[in-house]
Amino acid sequence: MPELPDVEVMRRYLQSTALHQEITDLEVGAARLIPDEETNQDPTVKQLKADIIGRSFESSRRHGKWLFIRMNSEGEKFLVFHFGMTGGLNYFKDMDDEPEYTQVLFHFKNGYQLAYISQRKLGELEIIDGVEKFVDQKKLGPDALDLSLEEFKILCEGRHAMVKTTLMDQSKIAGIGNVYSDEILFQAKIYPRTQCDQLGGDKIEELYHTMKDVLQTAIDRQADPEQFPQDFITPHRHKGGHCPICGEALKRVQVGSRHAYYCPNRQEKKGKH
DNA sequence: AGCGATGTTCGCCG
DNA sequence: TCGGCGAACATCGC
């Protein structure tokens with residue numbers, strides 16, 4: 001589930017495995033992952049190879065759900081990853097260990113490989129020359145972990161949209177998706193369809209701190225639901241799941257075109273008390 | 001066998 | 001202008 005914590009864990013993984021090794025070859029299985037300004041996909045794959053082969057990864061950055069790898073090119077060049085709904089990375093040596101659904105494979109001079117995995121082939125991989133410019137073009141808001149309380153208050157105040165929608169809106173806050181917005185709202189005891197302008201100043205501040213806590217805790221636990229604290233909803237976030245705190249059956253409600261899971265006992269609807 | 005799924009983009013509507 | 005909604009994208013697992 002590649003949201004901010006998942007991508008951060010992948011960034012650290014890549015940072016500790018695949019840096020400073022010359023890339024000797026690149027195999028592209030799913031060309032659709034590489035965006036193309038023209039309609040013909042072949043030249044972009046060739047261009048991607050030309051930009052990458054012979055280079056090495058030098059450092060990494062993350063903004064929201066996007067991962068940037070700076071390469072040792074002439075001038076600044078970054079490889080950008082987006083993992084869609086099902087993507088991931090795996091660094092391995094023996095080709096027998098090549099993961100299923102590998103879509104792009106980087107070969108390093110030391111005999112290791114880095115696989116970009118994507119079961120559903122939704123995702124993106126491209127070369128850019130500046131992170132700030134890219135963030136601007138993609139109209140991404142500040143990264144959720146960099147967002148200040150003041151910025152968060154401004155995002156919420158006077159906004160009629162639902163809180164969950166706002167948390168997931170990448171142009172306002174970058175990095176939070178369906179799963180972590182549910183977790184944040186569960187921890188903050190807010191009903192998912194609550195509108196931002198129904199939250200008081202204190203509640204907004206509480207939500208802000210909860211957002212940071214949830215994301216940081218998830219990163220500390222390797223974004224692995226099995227390692228999450230006992231009171232996290234994420235491992236129970238499915239049909240038939242129960243609240244880890246009070247045992248109530250979880251409910252599901254439509255928000256935008258997605259589903260939110262929540263505890264009807266602990267996430268009260270506004271005006272009901 | 002059909003439906004739902006962690007993501008983004010785009011167009012339509014009130 | 002803002003926000004909600006739904007389709008499209010690809011494809012697998014339940």
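Proteins get letters first, then strands, A, B, ... in listed order; numbering begins at 1 in each.
Straight-line distance from the CE atom of A/M85 to the C1' atom of C/dC9: 9 Å, rounded to whole Å. Across the protein-nucleic acid pair, A/H238 atom NE2 and B/dA5 atom P stand 13 Å apart, rounded to whole Å. Nucleotide C/dC12 holds its P atom 15 Å from the CD1 atom of A/I117, rounded to whole Å. Atom CD in A/Q119 sits roughly 8 Å away from atom C1' in C/dT11 (whole-Å rounding). Distance, A/N178 CG to B/dG4 C1': 12 Å, rounded to whole Å. Across the protein-nucleic acid pair, A/E124 atom CD and B/dT9 atom C1' stand 11 Å apart, rounded to whole Å. To the nearest angstrom, C1' of C/dT11 lies 19 Å from CZ of A/F83. Separating the OH atom of A/Y116 from the P atom of B/dG7 is a distance of 14 Å, rounded to the nearest angstrom.
The nearest pair of heavy atoms linking A/E3 to A/G177 is OE1-N, 2.7 Å. Closest approach of A/P142 to A/K172, counting heavy atoms only: CD-O, 3.3 Å.
A/Y116 is not listed as a side-chain neighbour of A/L105, based on a closest heavy-atom distance of 4.5 Å or more.
Rounded to whole Å, the C1' atom of B/dC3 lies 16 Å from the corresponding atom of C/dG6. Taking atom C1' in both C/dA7 and B/dG4, one finds a spacing of 15 Å when rounded to whole Å.
For A/R258 against B/dG7, a side-chain N or O and a base N or O form a donor-acceptor pair under 3.5 Å.
Within 6.0 Å of NZ on A/K189 lie no more than 12 heavy atoms contributed by other residues, nucleotides or ligands. Remark: A/Y112 OH is loosely packed, at most 12 non-hydrogen atoms of other residues, nucleotides or ligands lying under 6.0 Å away. Shown here is A/K153, whose NZ atom has more than 12 heavy atoms of other residues, nucleotides or ligands within 6.0 Å.
In terms of phosphate contacts, A/K65 brings a side-chain nitrogen or oxygen within less than 4.0 Å of OP1 or OP2 of B/dG7. Checking the phosphate oxygens (OP1, OP2) of C/dC14, no side-chain nitrogen or oxygen of A/K239 falls inside 4.0 Å. Distances shorter than 4.0 Å separate none of the side-chain N or O atoms of A/H259 from OP1 or OP2 on B/dG4.
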Review point. Would A/I245 and A/F186 count as a side chain to side chain contact (heavy atoms under 4.5 Å, CB included) if you check the C-alpha gap in whole Å, the side-chain angles of each, and the deciding distance to 0.1 Å?
Key: CA-CA 10 Å; A/I245 298 175; A/F186 174 73; 3.9 Å; yes

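Backbone-only engagement by A/Y101 is indicated by non-hydrogen atom pairs under 4.0 Å involving sugar-phosphate atoms exclusively.
Residue A/Q170 has its side chain nearest to B/dT8 when only C/dG13, C/dC9, B/dT8 are considered. When distances run from any side-chain atom of A/R120 to the nucleotides B/dG7, C/dA10, B/dT9, the shortest one goes to C/dA10.
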Close N/O contacts between protein and nucleotides 2-5 of chain C (under 3.5 Å):
residue	atom	partner	partner atom	Å
C/dG3	OP1	A/R159	NH1	3.3
C/dG3	OP2	A/R159	NH1	2.7
C/dG4	OP1	A/M162	N	3.0

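Taking the six-membered ring where the residue is Trp, A/F78 and A/F68 present perpendicular rings, their angle passing 60° and hence far from 30°.
When both pairing distances are held under 3.5 Å, B/dG7 makes a Watson-Crick or G-U pair with C/dC9.
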